[in-house]
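First comes the structure, then the notes that go with it.
Since the model is a prediction, treat every value here as computed from it, not as a measurement.
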Amino acid sequence: MTPRSTSSGPDPKKTTAKKAAAQKPAAEKKTAETKTPSKKTAKTAKTARTATPAAKKAATKKAVTKKAAAKTAVAKTAVAKKPAAKTAVAKKPAAKKGATKKAVAQRAVAPAAGAPADGATASPALDTADRERLLAGTHHDPHSVLGAHRVPGGVAFRVLRPYAREVTVLCGDLRVELHDDGDGFFSGLLPLPEAPPHRLRVAYQETVQEVEDPYRFLPTLGDLDLHLIGEGRHEQLWQALGAHPMTHDSVAGTRFTVWAPNARGVRVAGGFNFWDGTGHPMRSLGATGVWELFLPGVGAGELYKFEITRADGSRTFRADPLARATEVPPATSSVVHASHHTWGDEEWLARRAEAPAHEAPMSVYEVHLASWRPGLTYRELAEQLPAYVADLGFTHVELMPVAEHPFGGSWGYQVTGFYAPTARLGDPDDFKYLVDRLHQAGIGVLMDWVPAHFPRDDWALAEFDGRPLYEHSDPLRAAHPDWGTLEFDFGRREVRNFLVANAVYWCEEFHIDGLRVDAVASMLYLDYSREPGQWTPNEHGGRENLDAVAFLQEMNATVYRRVPGVVTVAEESTAWDGVTRATHHKGPSGFGGLGFGLKWNMGWMHDSLQYMSHEPVHRRYHHGEMTFSMVYAYSENYVLPISHDEVVHGKRSLVSKMPGDWWQQRANERAYLAFMWAHPGKQLLFMGQEFAQGAEWSEAHGPDWWLLDPEYGAAADHRGVRDLVRDLNAVYRSTPALWRLDTHPSGFGWVVGDAAEDNVLAFLRLDTDGTPLLAVSNFAPVVRNDYRLGVPDEIPAWHEVLNTDAARYGGGDVTNPDPVKPEPQGWHGRPASIRLTLPPLATVWLRPA
């Protein structure tokens with residue numbers, strides 16, 4: 001992975017949220033807290049967080065006026081100011097009501113069961129310590145003091161509602177106005193035997209709401225969830241943490257949960273409370289470090305963040321690490337999300353596990369979704385991308401990271417929302433729709449996954465609760481030396497759980513067929529890009545990051561166990577032993593395998609592109625760069641990648657790497673692609689290279705599709721290369737010899753690998769039953785007539801199934817149109833031989849006739 005720019009700057013929401021708390025004028029502080037539909041909430045919240053105080057007040061009034069207009073005359077009367085002596089009102093609510101209210105009041109003032117015999121009662125008001133902790137955002141158990149609680153003399157009701165003018169408790173027919181204790185606190189004592197189910201009527205300056213009391217509900221997380229979180233073994237962590245719309249105790253709302261073990265307190269702030277979390281403190285659930293709050297009436301589409309009080313008493317607004325949806329960057333809020341997608345890919349899922357990935361055909365089209373067709377949404381991409389990829393015959397697409405990231409120039413490799421598809425192209429259900437349509441078109445979906453590091457944005461994971469949490473506590477271990485980011489603390493069980501569950505999440509929730517894990521090498525070595533003195537050896541004195549090894553093994557084992565048919569792929573650029581070996585099989589180094597299904601063959605990519613970049617006259621001196629890959633071809637299960645990293649930042653596009661004039665450049669690319677498709681290993685090609693785009697890729701504008709426009713004079717040249725890619729995939733998929741034994745030496749045999757003077761390479765690929773395909777590449781710009789090659793003697797005749805010099809691809813049409821019969825003359829150590837005409841700068845495939 002190439003170095004990428006760091007992510008976006010300051011968080012506008014955090015800044016405006018602080019202003020909202022600190023700069024509200026007195027009149028605005030009485031403005032209503034509303035439950036508006038999700039779209040209106042988002043709009044109102046943005047206004048409330050970015051406008052001037054006067055504008056905020058106007059926006060708030062606009063948001064609440066519609067509800068105010070719908071209230072009855074009685075509700076409007078309720079907002080009028082009351083006499084100062086509210087305590088008496090709380091004890092005798094019937095004094096101001098009619099005959100019906102008198103009957104209710106008489107029942108309410110009956111002696112409470114279990115009350116002290118002498119009639120002693122407790123004050124319902126909160127003590128000073130609890131008030132201060134709640135206002136400071138440092139209360140670990142607000143449910144123990146807010147809501148309804150049995151006390152001597154009855155039931156104490158306590159409510160914290162900033163900016164409210166009055167609060168009334170509703171218990172069946174009972175209506176009791178609470179005393180205003182100041183600073184948003186309201187309380188009252190009712191002589192009831194037990195704390196009853198109740199609602200609240202909250203009067204603001206211009207509206208009245210009837211709402212559920214969040215502090216009357218029991219925790220929504222069970223003991224098993226908390227135990228698994230504490231153990232770091234919750235494999236579906238996203239179902240426990242984050243924001244989840246749900247029905248709890250017959251009441252609809254959203255459960256908010258977050259892991260913040262170093263926090264002194266956590267509150268929920270969002271569009272539903274105008275980004276003031278004072279009235280919504282969360283409770284700590286024991287030693288797990290999890291904080292929880294169920295908010296009735298909050299539903300899908302609402303914006304939110306967690307307001308965390310750090311150890312030093314300062315506060316920080318943080319996006320939810322497990323948010324399943326986000327605002328469109330550069331906005332940074334999390335979004336409450338409920339999925340409604342109905343999948344239609346049952347047939348695909350049922351058969352994707354029929355054969356292991358390394359024994360099945362796999363040719364991959366790598367895509368950066370935001371720039372493939374700039375401006376298209378997930379759903380619009382779903383109408384074009386599956387058809388295009390299916391037409392070219394690729395078996396899979398690989399999506400560059402789709403998880404939310406603040407800076408588009410990072411291409412998604414600096415992730416802040418690990419559980420949320422980027423909102424730039426739509427919501428999570430829109431992304432599911434795209435995956436679904438790809439599956440229905442018979443195309444597997446791989447995606448880049450980035451567990452190695454994360455950016456330092458102060459609204460995301462960095463020092464999340466005031467101290468290093470997701471990153472390592474040792475600054476030298478935490479700082480990634482190449483990208484200005486932070487490395488995960490793979491030794492902390494909760495962090496490993498966060499990442500392992502994330503891998504499972506994409507596969508289970510979005511039906512992803514495989515994860516290509518980015519920057520594995522940077523995870524495996526403690527001294528990666530570090531000088532002596534900048535790293536500390538492991539407990540054995542070595543340079544291996546044992547925590548990262550254990551994490552990768554756990555991730556792979558968990559994903560393969562839970563999701564049959566998926567494949568994990570490592571981008572690993574070193575000679576680490578056993579990347580694709582099973583985790584329980586130890587190698588010479590003493591480590592078990594990492595457990596990946598496939599590994600990118602970075603050595604093959606580097607060597608072969610280096611060879612192709614030389615002028616043909618000099619290639620004889622670099623012949624080994626094309627043959628060396630077969631020395632280690634079966635040490636791992638390989639993918640041959642021509643990825644985005646090879647066509648950016650001055651590396652030039654694939655065709656532009658080739659020497660010679662325009663005809664020779666295209667001929668070289670065509671010959672190289674056919675050599676690649678015949679070489680042992682799976683294939684990966686980045687978008688735009690399939691039609692010989694001359695310019696480097698840019699995320700700003702994507703592939704140069706205009707090159708294929710019939711009105712463009714050289715369109716035929718580009719269409720010819722694309723036609724070749726289509727035919728390569730077609731022959732590849734129909735020829736098991738090219739993929740069945742990719743990882744077994746019996747599937748390959750050199751015919752001639754040392755013809756450096758000729759710039760010729762020839763080899764056989766074999767199916768399990770011995771059926772061969774002969775691939776011959778001539779990387780010289782001359783025709784070689786009657787070129788003799790040794791072949792097996794049991795094949796009566798060979799016929800050409802693909803020739804990259806064919807006229808339809810833009811070549812010179814030097815072909816072998818007739819079947820070629822072997823001669824009994826032994827050659828290249830084989831009992832028979834054939835004579836071929838080898839086109840210049842071309843690759844030819846032959847199969848038994």
With rounding to the nearest 0.5 Å, note down the distance linking CD1 in Ile308 to CZ in Phe464.
-> 4.0 Å
Can you find a pair of side-chain heavy atoms, one from Ser284 and one from Val290, that are under 4.5 Å apart?
-> no
Phe294 vs Thr254 side-chain heavy atoms within contact, under 4.5 Å | no
Are His244 and Arg324 side-chain neighbours, meaning at least one heavy-atom pair lies under 4.5 Å?
-> yes
State, to 0.1 Å, how close Ala240 and Leu221 come at their nearest heavy-atom pair, and which atoms those are.
-> O-CD2, 3.6 Å
Return yes if a side-chain donor-acceptor contact under 3.5 Å exists between Glu327 and Ser333, otherwise no.
-> yes
Lys/Arg N to Asp/Glu carboxylate O, Arg424 vs Glu404, below 4.0 Å = yes
Do you know which two heavy atoms are closest between Pro245 and Ala243, and how far apart they sit?
-> CD-O, 3.9 Å
Are the side chains of Pro214 and Pro296 in touch, meaning some heavy atoms are under 4.5 Å apart?
-> yes
Backbone N/O of Val145 and side chain of Arg158: donor-acceptor pair under 3.5 Å | yes
Is there side-chain contact between Leu134 and Pro281, with at least one heavy-atom pair below 4.5 Å?
-> yes
Heavy-atom check, side chain of Tyr470 versus side chain of Phe418, under 4.5 Å | no
Should the pair His511 and Trp343 be assigned to parallel (<30°), tilted (30 to 60°) or perpendicular (>60°) ring geometry?
-> parallel
Do Arg133 and Asp130 sit within salt-bridge range, that is, some charged N less than 4.0 Å from a carboxylate O?
-> yes
Kindly indicate, with the supporting measurements, whether the criterion side-chain contact (heavy atoms from CB on, under 4.5 Å) is fulfilled by Phe185 and Leu126.
-> CA-CA 8 Å; Phe185 291 97; Leu126 285 174; 3.5 Å; yes
Examine the side chains of His280 and Asn273 and answer whether a donor and an acceptor come within less than 3.5 Å of each other.
-> yes
In Å, rounded to the nearest 0.5 Å, how long is the span from CZ of Phe256 to CZ of Phe306?
-> 7.0 Å
Does the side chain of Arg315 reach to within under 4.5 Å of the side chain of Arg310, using non-hydrogen atoms?
-> no
Other residues, nucleotides, ligands: >12 heavy atoms within 6.0 Å of Asp223 CG | no
State the CZ-CG distance between Phe217 and Leu295, to the nearest 0.5 angstrom.
-> 10.0 Å
First locate atom CZ of Arg199, then atom CD of Gln209, and finally report the distance between them rounded to the nearest 0.5 Å.
-> 10.5 Å
Write out all pairs satisfying ring-ring contact (aromatic ring centres under 6.0 Å, His included) with one or both partners inside residues 123-152, taking only residues at least two apart or from two chains.
-> His143-Tyr215
Looking only at non-hydrogen atoms, find the nearest pair between Gly242 and Asp320 and report the distance.
-> CA-OD2, 3.1 Å
Do the side-chain N and O atoms of Asp427 and His337 include a donor-acceptor pair separated by under 3.5 angstrom?
-> no
Output yes when a side-chain donor or acceptor of Arg493 lies under 3.5 Å from a complementary backbone atom of Gly230, and no otherwise.
-> yes
Measure from the ring center of Phe186 to the ring center of His179 and say whether it is less than 6.0 Å.
-> no
Give a yes-or-no answer on whether the side chains of Asp225 and His234 include a donor-acceptor pair shorter than 3.5 Å.
-> yes
Using a cut-off of 6.0 Å, state whether more than 12 heavy atoms not belonging to Arg379 lie near its atom CZ.
-> yes
Just do the side-chain contact (heavy atoms from CB on, under 4.5 Å) check on Thr416 and Leu461 with the steps written out, would you?
-> CA-CA 7 Å; Thr416 49; Leu461 295 183; over 6 Å; no
Before accepting this row, confirm whether a basic side-chain N of the pair Arg467/Glu463 lies closer than 4.0 Å to the acidic partner's carboxylate O.
-> no
Is the shortest distance from a Lys or Arg side-chain nitrogen in Arg562 or Glu508 to a carboxylate oxygen in the other one below 4.0 Å?
-> yes
Report the C-alpha separation of Tyr433 and Tyr378 in whole Å, then their side-chain angles, then the decisive distance to 0.1 Å, and conclude whether the ring-ring contact (aromatic ring centres under 6.0 Å, His included) test is met.
-> CA-CA 8 Å; Tyr433 180 79; Tyr378 291 128; over 10 Å; no
Hey, is the main chain of Leu285 close enough, under 3.5 Å, to the side chain of Thr288 for a donor-acceptor pair?
-> yes
Of all heavy-atom pairs between Leu189 and Gly154, which one has the smallest distance, and what is that distance?
-> CD1-C, 4.0 Å
Is a side-chain donor or acceptor of Asp457 paired with a backbone partner of Trp459 at a separation under 3.5 angstrom?
-> no
Assess whether side-chain contact (heavy atoms from CB on, under 4.5 Å) is satisfied between Asp181 and Ser187, documenting all intermediate values.
-> CA-CA 7 Å; Asp181 298 327; Ser187 66; 2.6 Å; yes
Salt bridge or not for Glu292 and Arg255, using N-O below 4.0 Å?
-> no
Go through the steps to decide whether Arg267 and Asp276 satisfy the test salt bridge (charged side-chain N to carboxylate O under 4.0 Å, His left out), and finish with yes or no.
-> CA-CA 9 Å; Arg267 304 191 284 205; Asp276 185 344; 5.8 Å; no
From CA spacing to verdict: side-chain contact (heavy atoms from CB on, under 4.5 Å), Leu200, Val159 | CA-CA 9 Å; Leu200 303 174; Val159 176; 3.9 Å; yes
For residues Ala462 and Phe454, report the shortest heavy-atom separation together with the two atoms involved.
-> N-CE1, 3.8 Å
Rounded to the nearest 0.5 Å, what's the gap from CG on Asp465 to CZ on Arg264? Could you check?
-> 13.0 Å
Could you grab the distance from atom CG of Leu135 to atom CG of Leu160, nearest 0.5 Å is fine?
-> 6.5 Å
Where is the tightest heavy-atom contact between Cys171 and His198, given as atom of each residue plus distance?
-> SG-CB, 3.6 Å
Taking it one step at a time, do Phe510 and Tyr505 satisfy ring-ring contact (aromatic ring centres under 6.0 Å, His included)?
-> CA-CA 7 Å; Phe510 292 91; Tyr505 170 76; 5.5 Å; yes
When you measure from the centre of the six-membered ring of Phe317, is the NZ or CZ of Lys305 under 6.0 Å away and within 45° of the axis?
-> no
Is the closest side-chain heavy-atom distance between Tyr419 and Glu509 below 4.5 Å?
-> no
